[in-house]
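See structure below.
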Amino acid sequence: MSARTLLLVLVALSGIPWALGEGSASLSQGQRQTEEQSNATTPPKKASAPAAKAPEATTPPAEEQAAREESSDKDKDKDKEEHYDVAEVPPIVTHHEVTVDGKLLKYTANTGRLPIKRPDGKIEAEMFFVAYTLDGQEAAKRPLTFAFNGGPGSASIWLHMGALGPRKVVLQKDGFMPPAPYRIEDNPYMLLDKSDLVLVDAVGTGFSRAADKELFKKFWGLKGDIDAFSEFIRLYITRFERWSSPLYLLGESYGTTRAAGVAGYLADRGISFNGITLLSMVLNFETLEETKTNDEPYPFLIPSFTMIAGYHHKLPPELAQDMDKARQESEQFASGEYTQALAQGDRLTGDERQKIINQLSRFTGLSKEIVDQANLRIDVRKFTHYLLIEQKLRVGRLDGRYTGPDPNGLMDTPFYDPTGSATQPPFTSVFNNYVRTELGYKTDMPYYVSAREGGWEWGSAIEGFPDTASALRQAMVKNPYLKILVMEGYYDLATPYCAANYTVDHLDLSGKYRNNIWFATYYSGHMVYLPVEGLKKMKADQARFIDQTLGR
């Protein structure tokens, strides 16, 4: 008896399954679990004269039972595989109207998914989108903007229902959470009067899905994500005949990383953009991710700490009386004395160290003891925890204006951002109702505001920190007409404005190309459009940007 046969016998006798499949969560509505079974049969043959009967091979009962169990277990494993419906279906078309600046705009909405295919035509994923096009316009002259949020792993619900779309969630004037039930209203600061819009969700977010769980891995990384969005854009302008339109990208947060990568990728494939808006920008993650040997992110945070401390009345009077002046002083300190002190590391003398502690405490609102215990290196977690600790409140990361108690207690919550708790419920509720009622997209599939599948693949550590700044530079030098608009919020700790400025200053661009980069700043957080004044300014800045890139 062979070793394999012996093993099968032992397994059969012990009652242990031959193949132990991983546990699988039950499928959500709208997802399809397929079971492939072979039912192929051969046509019956005509009866013939009996042939000499060959001796029948006999199989020991234990081996036979083990074989049956092995086959059964494999079938069970196959049953546990999750498959998603990526069948191609035409988009839902609806017609609407909205008034912007006293002018009635009639527009068409296309809501659906576009396929991402292999070279042989097999669909590997479907990407969900909502497109708004102004009626009665000449496509060749009409700007078209592709917009998306970041994460990575965030749907584009935030830009869609907070800034760009014709309908928006109702928030308090300062952008804070209203009481439920949440409402929707016309967006008087939508972008449709200046550009057609396509809001796109990354694979694994919104209603975008890969064909199966294994394929999610292909799209859940820097390269796969850029490839997917680039293919989506190519397919959209092909199917909707927009190759001749002025094209724009608008990305928020990690969406800026994506936008820069897409621009570089498509520059070599015959698709050029007139303008790219980078909202809350991060292109080089070395400016965000500190390590024991990378002190670069710390100075970039200090001016944002200063602005947030001032908002919460934690600065000394001489700074608090003029926040613009305080911000400028903080920038000078952070890029000068503080950066030099960090560069010295353990060589810093006691007197030098105390001087930096005093200044850090002054500009951040934190106690000198906390600064000392943090070894002069205040990260986002420490700042948001300790700024208002005497009030037992945590400060927001995405928007430092937000505050809230730690859910599990002051000292027992590892990290908490009250911004998300205040924004996700109203945005999620309003969009789910809007897409199914006003846009007519009927589906049982859950809309994932944040992705649920797997983890993001950042690539080889040998390549260093993730970076698409070089891709943006390549797109700019290959297309001297490409313009860039960088939007920055002073209360944003996720992508501090000083880090964005540093990245732009190190693109190695001559004056001719550097003049193609413009800036817009806001007294807001990561989502600069949450306060009404921020939304109003964002619309004006984006409209001016489009007009200038088109020579209007």
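Heavy atoms only: backbone and side chains are in, while hydrogens, waters and symmetry mates are out.
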To the nearest 0.5 Å, what is the distance between [atom1] ([X]) and [atom2] ([Y])?
X	Y	atom1	atom2	result
L535	N187	CG	CG	5.5 Å
R362	L315	CZ	CG	9.0 Å
L530	D174	CG	CG	9.5 Å
N149	S154	CG	OG	4.5 Å
L249	L278	CG	CG	9.0 Å
R452	R209	CZ	CZ	8.5 Å

Can you tell whether the side chains of [X] and [Y] come within less than 4.0 Å, N to carboxylate O?
X	Y	result
E337	K355	yes
R401	D399	yes
D372	K368	no
R347	E352	no
K218	E457	no
K168	E185	yes
E438	R167	yes
E533	K537	no

[X] side chain near [Y] side chain, heavy-atom distance below 4.5 Å:
X	Y	value
M538	Y189	no
D227	Y265	yes
T384	F415	yes
P531	K173	no
K392	M411	no
D324	R327	yes
V528	T521	no
T291	E289	no

Residue pair [X] / [Y], side-chain donor-acceptor N/O under 3.5 Å:
X	Y	value
D492	T495	yes
S280	E488	no
N433	R183	no
N358	Q354	yes
N432	R436	yes
Y522	D541	yes
Y529	E252	yes

Looking at every non-hydrogen atom in both residues, tell me the closest pair between [X] and [Y] and how far apart they are.
X	Y	value
P297	E286	CG-O, 3.6 Å
A155	G206	CB-N, 3.8 Å
P299	D295	CD-O, 3.2 Å
V200	F148	O-CB, 3.7 Å
S429	Y182	CB-CD1, 3.9 Å
P496	S304	CB-OG, 4.0 Å

Stepwise side-chain contact (heavy atoms from CB on, under 4.5 Å) check, L360 with L366: CA-CA 8 Å; L360 277 175; L366 299 178; over 6 Å; no
Has [X] got a side-chain atom pairing as donor or acceptor with [Y]'s backbone, closer than 3.5 angstrom?
X	Y	value
S208	D201	yes
H312	G400	yes
R377	N375	yes
T287	A499	no
W220	V203	yes
N284	F465	no
H160	S156	no
T205	A202	yes
T468	A471	no
T423	T419	yes

Whether F305 and F383 hold their rings parallel, tilted or perpendicular, with breakpoints at 30° and 60°: parallel
Parallel, tilted or perpendicular: rings of F363 and F333 (30°, 60°): parallel
side-chain contact (heavy atoms from CB on, under 4.5 Å) between W158 and Q424, worked out: CA-CA 9 Å; W158 312 105; Q424 185 161 324; 4.1 Å; yes
Check against salt bridge (Lys or Arg N to Asp or Glu O under 4.0 Å), K314 and E390: CA-CA 12 Å; K314 297 293 289 184; E390 75 282 357; 3.0 Å; yes
So that I know where these two stand, are [X] and [Y] an aromatic pair - ring centroids less than 6.0 Å apart?
X	Y	answer
Y84	F216	yes
W456	Y254	yes
Y248	F146	no

Check against side-chain contact (heavy atoms from CB on, under 4.5 Å), L171 and M177: CA-CA 6 Å; L171 300 173; M177 182 181 187; 5.9 Å; no
Exceeds 12 heavy-atom contacts within 6.0 angstrom, atom CG of D351: no
Ring-face cation contact, F229 with R258, 6.0 Å cut, 45° max: yes
Test: R113 cationic atom under 6.0 Å from F129 six-membered ring centre, within 45° of axis: no
